[in-house]
Visitor: 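Supplied in structure tokens, the structure appears directly below.
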Amino acid sequence: MAKKFITELKRTHTCGELTLAEVGQDVVLMGWGMRRRDHGGLIFVDLRDRTGITQVVFNPQDAGGAHDEAHQIRSEYCLALKGLVRRRPAGQDNDKLITGQIEVVVEHFEILGPSQTPPFMLEEWVEVNENVRLRYRYLDLRRPEMYKNLLLRHQTAQAARGHLNGQGFLEVETPFLTRSTPEGARDFLVPSRLSRGSFYALPQSPQLFKQLLMVGGVERYYQIARCFRDEDLRADRQPEFTQIDLEMSFVCEDDVMELTEGLVAAIVEAAGQTMPRPVPRLTYAQAMERFGLDAPDVRFGLELVDVADLVGDAEFKLFKEAVAKGNMVKALNGKGMAVLSRKDLDDLTAFVGTYGAKGLAWVKIKEGLEWQSPIAKFFSAEHQQRLNERLAATEGDILFFGADTPKVVCESLGRLRLELSRRFELTKGAPLTFCWVTHFPLLEYDPEAKRWVAMHHPFTSPSPEDLPLLESEPGQVRARAYDLVLNGSEIGGGSIRIHTQQMQQKLFEALGIDAEEATEKFGFLLEALTFGAPPHGGLALGFDRLVAILAGQPSIREVIAFPKTQKGTCPLTGAPGKVDQVQLLELGLRVEKTS
RNA sequence: GGGGGCGUAGCUCAGUUUGGUUAGAGCGCCGGCCUGUCACGCCGGAGGCCGCGAGUUCGAGCCUCGUCGUCCCCGCCA
């Protein structure tokens, strides 16, 4: 009587490890049947588990019973089998498989779990609609690529924990059910049954709690924390996402940045890649000036160049007026990109239009540095020559110009720069490229709310030397904040926090939050700051984004086991769903029909 | 809230430009044959609310309007 699988017969090997070394051994494998190749006589099945694939053979001469039963095996049947590892016959090796020199001759097997015909083939060469994948995510996850992503996520998370543990950090959990605070993103709310009419909010980040942990003398805290923001989704934004959140007492900017570099290096190494250090630093002002964006992709050139001083007296009205108004006129040189067609240029014009640019002036540089452009006639030979020089133009280049408010010029040319690099594959094969962006503005003006709002968050410390400007020129005050940028994506950000009540109150005032509201919403923080709060600062890494980049994936959904669609739904569970009327009654809620 | 792409067999797609008989392909699936395959091969077969709803028309997968789903982007995301 054959022994029973699972209880008596234990798995001896995985499907990704058997080689010539095990030839002659009896082994027990468990996994999923992939392709069945039935030759009438011989039957081959590729058995797959999370480690790889092993070819198993059912031979009527070796084990007739097993061979007969093997006809039942279909795609994605969960199987256990016992058999003999055998070298494959000469010339039958499969060099695509690590296990390709051997095969397992099945003595007997058991179907642990039969499967319906899968809704899609679990083959890497089959591209399947994402909605179908999410509907059957548990099948999608069986694909080696998805397992690889989860494995990478696990390994990098462990590397982060290991590194921070080694640096004296404590992993502390903070509440999911907390209170809603003004500022920032829209909260997810959770109605309270015990306090009818009151609501918890899910945390947008553990920001306030980690500061309270510093007041609590924890000194070094971290958490791989889930965060919730009820805003519209993108390829790199989910309603719930994960941060590696950390905070340290008795530190300044350099301390946090240095610690972070060590942490990220450990993560990158766990992913089998390398991180060049030290990470270069740019100020916010430099980033905007050279790249137009606060998260610059510094893997390639195409930098923005100020040309306002060269075009103010040219005949071209658009530039002339911009200069007269004190607006910005900038250009970038698309090196060797004069091959762009008229249609390409129309597309690019529409592209910058989405960022508010009213047009896109371009100049193709021909033989003898001659201009070919709709606007060439408005520029004298001298103007053309000076612009050529400023932009280092040579034959085959194309110059792009933007003239508008600084916001529009920076954003449109900054995005144009990225779009050109995408079209011309300028970052192909480039190594991971990090940079820090520092000295962010503390505040930015919100024209809709007609008030100043915190660029980072309201707990960020202003640069001491800029403090005198807080009332007179709030926009000029710099923050003790820093962002970590990888390949043009913001993957982390943090700051030195305010640790005195006086300063925190001052900031609330600057934000137009009056004393009463500040006390009501943030009183607990203000109070905590009066009990010997240590200077402290920290940072949070966008873990999903970081892992997605390390995995070479275009969307963070690929590195999240059960992500949401762009509408925030889950095709697998059907969330969000309706709830029972009784549940609503208990909570004192009534749903109104929308008009 | 806005702009754009997609929606046809289980999956991936063609067919829509120029409306016209019974809507196709590959893979998968089912049945048969096959002892060295490995994305096996050969033969046969089943499988369709052309997302949904109105409209135009003698006639709609194809044109119009609406709607739903999904993806990308803008706004939004301290």
Side-chain angles (χ1 to χ4, degrees), chain A residues 34-47 53-62 67 71 74-76 86 88-97 99-100 103 105 116-136 139 181-187 204-205 207-208 227-239 241 347 350-356 411-412 415 419 440-444 446 448-449 452-460 479 481 490 493 495 507 511 513 540 542 554-555 557 564-569 571:
Chain A
M34 293 185 72
R35 312 162 190 117
R36 188 191 57 173
R37 295 179 291 279
D38 186 344
H39 289 241
L42 285 178
I43 297 173
F44 298 96
V45 170
D46 289 339
L47 191 72
I53 292 171
T54 297
Q55 172 169 286
V56 301
V57 195
F58 298 86
N59 189 326
Q61 279 149 22
D62 292 326
H67 176 265
H71 284 104
R74 295 289 183 274
S75 287
E76 295 309 313
R86 186 167 73 182
R88 292 191 182 194
Q92 298 298 327
D93 288 1
N94 182 347
D95 50 21
K96 279 185 264 180
L97 297 179
T99 60
E103 61 194 6
V105 189
Q116 295 186 60
T117 299
F120 54 92
M121 282 184 285
L122 310 186
E123 303 273 2
E124 57 189 321
W125 46 274
V126 177
E127 293 224 348
V128 186
N129 186 297
E130 197 171 342
N131 205 32
V132 178
R133 290 174 56 201
L134 292 183
R135 166 88 172 73
Y136 301 95
L139 294 178
T181 51
E183 305 284 303
R186 191 176 295 113
D187 286 318
Q204 298 177 24
S205 84
Q207 181 61 35
L208 290 169
C227 304
F228 306 87
R229 294 177 192 175
D230 188 7
E231 296 292 347
D232 287 359
L233 280 62
R234 288 283 192 284
D236 61 353
R237 276 169 23 195
Q238 284 274 303
F241 60 100
D347 290 347
F351 175 81
V352 296
T354 65
Y355 302 100
E411 174 132 37
S412 57
R415 295 289 186 162
E419 176 63 15
F440 277 80
L442 183 71
L443 306 167
E444 60 187 338
D446 180 348
E448 277 193 19
W452 293 90
V453 295
M455 196 160 179
H456 188 52
H457 56 55
F459 319 108
T460 300
E490 182 200 325
S495 64
L507 243 294
L511 294 170
I513 302 174
S555 160
R557 292 189 300 272
K564 305 276 191 291
T565 69
Q566 197 161 41
K567 273 260 184 74
T569 64

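Sequence lines set the chain letters: A, B, ... in the order given, protein chains first and strands last, and positions in each chain run from 1.
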Visitor: State, to 0.1 Å, how close A:Ser205 and A:Cys227 come at their nearest heavy-atom pair, and which atoms those are.
Guide: CA-SG, 3.8 Å
Visitor: Using the C1' atom on both, measure B:G3 against B:U21 and round to a whole Å.
Guide: 41 Å
Visitor: Rounded to whole angstrom, note down the P distance from B:C72 over to B:G31.
Guide: 40 Å
Visitor: Provide the distance between the two C1' atoms, one in B:U12 and one in B:G7, to the nearest whole Å.
Guide: 13 Å
Visitor: Without decimals, in angstroms, what is the distance between A:Glu127 CD and B:G10 C1'?
Guide: 18 Å
Visitor: Provide the closest heavy-atom pair for A:Thr569 versus A:Pro571 in the form atom of the first, atom of the second, distance.
Guide: O-CD, 3.7 Å
Visitor: Classify every nucleotide of nucleotides 35-46 of chain B by which part a protein heavy atom approaches to under 4.0 Å, writing B for the base, S for the sugar-phosphate alone and - for neither, in 5'-to-3' order.
Guide: BBBBBB------
Visitor: Mind checking the P distance from B:A60 to B:G20? Whole angstroms is fine.
Guide: 11 Å
Visitor: For the side chain of A:Arg36 and the backbone of A:His71, is there at least one donor-acceptor N/O pair under 3.5 Å apart?
Guide: yes
Visitor: Does any nucleotide pair with B:C33 by Watson-Crick or G-U wobble geometry, both distances under 3.5 Å, and what is it?
Guide: B:G41
Visitor: Should we count CD of A:Glu127 as having more than 12 external heavy atoms under 6.0 Å?
Guide: no
Visitor: Check this for me, if you would: do A:Arg557 and A:Glu130 make a salt bridge, where the nitrogen-to-carboxylate-oxygen distance has to be below 4.0 angstrom?
Guide: yes
Visitor: Check every strand shown and say whether A:Val128 touches a base, only sugar-phosphate, or nothing at a heavy-atom separation below 4.0 Å.
Guide: sugar-phosphate
Visitor: Taking B:A39 as the reference, what is the distance to B:U22 when you measure between their C1' atoms (whole Å, please)?
Guide: 34 Å
Visitor: Is it true that A:Arg35 and A:Asp46 make a salt bridge, defined as a side-chain N closer than 4.0 Å to a carboxylate O?
Guide: yes
Visitor: Strictly under 4.0 angstrom, non-hydrogen atoms only: write out the protein contact profile of nucleotides 71-76 of chain B, one letter per nucleotide from the 5' end, B, S or -.
Guide: BBSBBB
Visitor: Could you tell me how the ring of A:Phe351 sits relative to the ring of A:Tyr355: parallel (under 30°), tilted (30 to 60°) or perpendicular (over 60°)?
Guide: perpendicular
Visitor: May I ask you to check whether A:Gln55 and A:Arg37 show a side-chain donor-acceptor distance below 3.5 Å?
Guide: yes
Visitor: If you assign A:Val453 and A:Phe120 each to the RNA chain B nucleotide with the nearest heavy atom, which residue ends up on the more 5' nucleotide?
Guide: A:Phe120
Visitor: Can you check whether A:Ser75 has a side-chain N or O nearer than 4.0 Å to OP1 or OP2 of B:C29?
Guide: yes
Visitor: A:Thr460 near the nucleic acid: base, sugar-phosphate alone, or nothing, with a heavy-atom cut-off under 4.0 Å?
Guide: nothing
